[in-house]
Amino acid sequence: MILSRQYKDLPLTWDTKSPETLQNDCQWLESIVKNSAPFSDGWVKARIVQLAYNCPNSLDFPLPKTRGKAATRTTMTTAQLLAYGGKLSEKEIVEALHWECFQYCQSHPVADFHCFRETVDENYVMATLNSWCDRHFSEKSARNFEIYQDLVYSNVFLVISTAPISLYVDRELPPPKRFRALFNVDEFAEIVGEGFCDRITLRTHGYGTSAATFYDLFMKEANALNRKESSRDSGLKDNHFYIGYHWPSEQPFTSPGLWSDFSKNWGVLFKFSFVLSGFAGIIGTGLYGMVKLLGIPLFKGLEILPLIGPIWKWIQLSAVGLQWYWVVPPLFILWVILMQCLRVLVYQRDRYRAIHYGAPDLAEFFWRLDRALNRKAEKTKETPKTEAFTPVIGSIEAKNQGSVSLPNHAVSGSNSEIAVNLVGHSMGGLLLVNTLRILSDRFGKDDGDIDDPDGLESSKIGDRLRLDKLILASPDIPLEFLREGRNNYVRSAIRRCRQIYLMSSDRDIILRYMPTLGNWFSEPSIEMSAYRLGNVYLKPLDDRYPNANYRPYIRNVLVSQAAASPTSAYDLFERFNYIDCSETIGVNGIFWSLKPYRGLAIDLINTLMFILSLSYSRLFGELDLHGGYFLTHTATFKILKRLISLNGESEAEIEAGIEELIQGTRIRFLPCQPFLTKD
């Protein structure tokens with residue numbers, strides 16, 4: 001298909017009549033290039049526009065606003081000067097991009113961008129420049145996620161939401177020595193098809209996990225999952241793709257996005273301080289009035305009492321404390337400290353981003369993948385291939401040996417489907433549930449509208465993908481979401497998964513206390529802010545017999561209560577397979593059994609051991625009370641590895657495999673069953 005130009009000639013010329021627009025366009029293009037994966041679709045389109053323009057003259061930019069000093073124009077850096085090419089034709093732009101790719105591959109010998117080389121031609125350049133001139137560039141080039149392939153293991157990938165943690169902080173991309181960017185989701189669909197992929201496991205992280213931290217943890221997991229530890233352990237097969245999904249989370253206290261916002265938004269800070277001081281003045285005046293009109297007369301009347309007399313004398317000596325102007329400043333300072341502490345803990349910030357950025361971007365990845373697989377299948381039907389496409393394996397060994405690709409029935413047009421496992425930790429569990437909600441709305445909820453006893457139809461997300469296992473590790477999901485009147489979207493989301501596994505711990509102090517503080521003002525009920533699904537533990541029916549059958553309970557501070565009450569939507573609770581990791585190495589440091597008088601002591605000792613383990617890990621071992629499920633040497637990780645590796649086994653076989661793995665550990669297991677109907 002030959003396109004026609006919607007612009008006159010190359011190079012394109014800047015609109016110098018509007019310096020602000022020119023500056024914004026330049027900064028926008030530079031931001032895309034800086035924050036996108038090299039040689040991905042969005043990165044290439046931004047570079048095409050840059051190469052089509054001459055470098056803008058610094059005189060065309062508006063002078064910065066200054067106070068009292070003469071404004072000076074800032075000179076452009078060498079990198080900014082070289083970014084603009086002023087090319088005279090589409091062919092020159094293509095040659096320049098391919099030369100950049102060649103230079104990049106010289107410094108990264110393992111990387112290979114075959115899809116980029118095959119796709120980017122003169123038509124591609126012309127279509128991009130047409131969209132720029134027609135003012136449709138944003139919708140044509142915007143990508144809400146990027147995909148990377150591991151250069152060591154061909155079945156390991158990263159999917160990353162492109163939403164930044166802050167408008168003033170650049171994104172941190174995966175290490176180029178380990179990952180290469182795919183051009184777009186169509187290239188990933190090619191690899192899925194030619195790699196005969198029949199199973200995808202996607203794992204996402206939780207609260208307070210920066211990009212660098214997640215990349216490091218994910219690479220360790222990929223190494224462990226692809227390593228055979230015994231003759232019975234086959235590891236991940238080549239046709240089982242393991243994907244890590246990173247959404248824009250940030251670390252508490254140290255994240256640069258926390259502090260850059262303050263320096264860029266002085267007007268908002270002034271408004272915040274003004275409103276807060278107003279509330280402090282109103283409430284301080286009220287407190288002063290109560291003390292003046294009620295407190296002082298009351299103490300005067302009761303000063304004859306032996307206990308009240310000394311207190312009244314102390315109040316008289318500290319009369320300055322009863323003055324109005326001494327009440328307001330302490331209130332204002334305390335509120336500022338409290339609200340700033342809540343902000344730097346980033347809990348609510350991460351929760352907002354997980355629901356409104358992370359979940360929609362992940363849902364878009366799945367439906368775009370399903371569409372790409374369908375498009376590939378239709379193309380295969382129309383024009384059968386005589387030579388199989390060879391995906392980039394990435395590892396040096398595979399690159400030297402080559403690869404023989406088998407046709408994937410899921411892509412070649414048959415009715416085979418790709419099973420999808422979802423693994424979510426902490427707030428990542430909340431993200432997955434919201435993602436399933438979005439996919440349910442897109443592909444039909446099927447809530448009892450069809451006769452589907454096996455759940456095969458309701459588990460489909462599109463035509464080529466089918467949900468299999470949902471594994472939630474310490475999920476930051478309110479327990480009340482599974483009860484009547486609160487499960488409007490959770491029910492439709494959970495119903496799509498064929499099997500659900502809950503890995504939880506009542507000793508997860510992060511999940512026990514942080515959501516209660518962080519969600520106190522936002523959750524519809526107090527109970528929702530206090531009880532999280534990730535704190536459910538299994539309590540024996542008779543404490544005298546620890547090996548007796550269990551029931552799910554949840555602990556407040558000292559006392560416990562049944563997680564599922566008779567008025568609950570118990571059918572949702574029955575869908576879960578419970579794996580209680582409360583007393584397990586890695587997520588717990590003290591092996592006392594839970595008693596009412598021990599609960600608070602267990603929390604305090606575990607907190608102290610966790611803090612000490614951060615500095616003295618050799619002495620205390622690796623201890624992560626909230627995320628220890630993914631430490632590769634623990635029994636919980638072996639369970640995860642077994643669950644995601646199983647394919648087609650019956651529930652009885654899966655239960656037997658879990659029971660075998662937990663032998664000799666303190667892990668408790670309760671398979672899904674109608675336990676609420678039993679006495």
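What you see is a predicted model, and the numbers here were worked out from it, not measured in a lab.
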Run Gln6 and Asp134 through side chain to side chain donor-acceptor pair (under 3.5 Å) and show every step you take.
CA-CA 8 Å; Gln6 302 298 321; Asp134 292 343; 5.6 Å; no

Any chance you could measure Asn421, atom CG, to Ile243, atom CD1, to the nearest 0.5 Å?
11.0 Å

Tell me whether the rings of Phe214 and His205 are parallel (<30°), tilted (30 to 60°) or perpendicular (>60°).
tilted

Could you check whether any side-chain N or O of Glu250 sits under 3.5 Å from a backbone N or O of Ile165, counting only pairs where one atom can act as donor and the other as acceptor?
no

Counting N and O atoms only, with roles assigned by atom type, does the side chain of Arg464 sit under 3.5 Å from a partner on the main chain of Arg371, one being a donor and the other an acceptor?
no

Donor-acceptor pair, distance only, cut-off 3.5 Å: does the side chain of Thr435 make one with the backbone of Leu431?
yes

Report the residues that fulfil salt bridge (charged side-chain N to carboxylate O under 4.0 Å, His left out) with Lys220, sequence neighbours left out, ordered by chain and then residue number.
Asp216

Give a yes or no on whether the backbone of Phe253 and the side-chain of Trp259 come within a donor-acceptor separation of less than 3.5 Å.
yes

Over 60° means perpendicular and under 30° means parallel, so classify the ring planes of Tyr53 and Trp14, tilted if in between.
parallel

Centroid-centroid under 6.0 Å between Phe137 and Trp28 rings:
yes

Return yes if a side-chain donor-acceptor contact under 3.5 Å exists between Gln348 and Arg351, otherwise no.
no

Is the backbone of Tyr104 close enough, under 3.5 Å, to the side chain of Ser107 for a donor and an acceptor to pair up by distance?
yes

Expected output: side-chain Asn130 to main-chain Ser4 donor-acceptor under 3.5 Å:
yes

May I ask you to decide whether Glu90 forms a salt bridge with Arg5, counting only side-chain N to carboxylate O separations under 4.0 Å?
yes

Point-to-point distance, once rounded to the nearest 0.5 Å, from CD of Glu92 to CG of Leu51
10.5 Å

How long is the gap from CG on Asp9 to CG on Leu88, to the nearest 0.5 Å?
10.0 Å

Under 3.5 Å: donor-acceptor pair, side chain of Arg180, backbone of Leu151:
no

Could you check whether Asp476 and Tyr347, counting side-chain N and O atoms only, form a donor-acceptor pair closer than 3.5 Å?
yes

Between Asp186 and Arg375, is there a side-chain N and carboxylate O pair less than 4.0 Å apart?
yes

With sequence neighbours excluded, what pairs up with Ile438 under the side-chain contact (heavy atoms from CB on, under 4.5 Å) test?
Ala359, Pro360, Ala363

Do Tyr242 and Tyr153 have ring centroids that are under 6.0 Å from one another?
no

Between the main-chain N or O of Gly358 and the side-chain N or O of Tyr245, is there a donor-acceptor pair closer than 3.5 Å?
yes

Run the salt-bridge test on Asp41 and Lys140 with the 4.0 Å N-O cut-off and return the result as yes or no.
no

I need the Lys34 NZ to Leu173 CG distance, nearest 0.5 Å.
11.5 Å

In terms of the angle between their ring planes, are Phe188 and Phe157 parallel, tilted or perpendicular, with boundaries placed at 30° and 60°?
perpendicular

Between CH2 on residue Trp247 and CG on residue Leu362, distance to nearest 0.5 Å
12.0 Å

Quick one: SG on Cys197 to CZ on Phe241, what's the gap to the nearest 0.5 Å?
4.5 Å

Going by distance alone, is a donor N or O of one side chain under 3.5 Å from an acceptor N or O of the other, for Asp361 and Thr162?
no

I'd like to know if the side chain of Asn35 reaches the main chain of Arg171, judged simply by a donor and an acceptor atom lying under 3.5 Å from each other, with no hydrogens or angles considered.
yes

Is the NZ or CZ atom of Arg442 positioned over Phe366's six-membered ring, under 6.0 angstrom from the centre and within 45° of the axis?
no

Can you confirm whether or not the ring centre of Phe270 sits under 6.0 Å from the ring centre of Trp266?
no

Is the side chain of Asn24 donor-acceptor paired with the backbone N or O of Gln27 at a distance under 3.5 Å, no angle test?
no

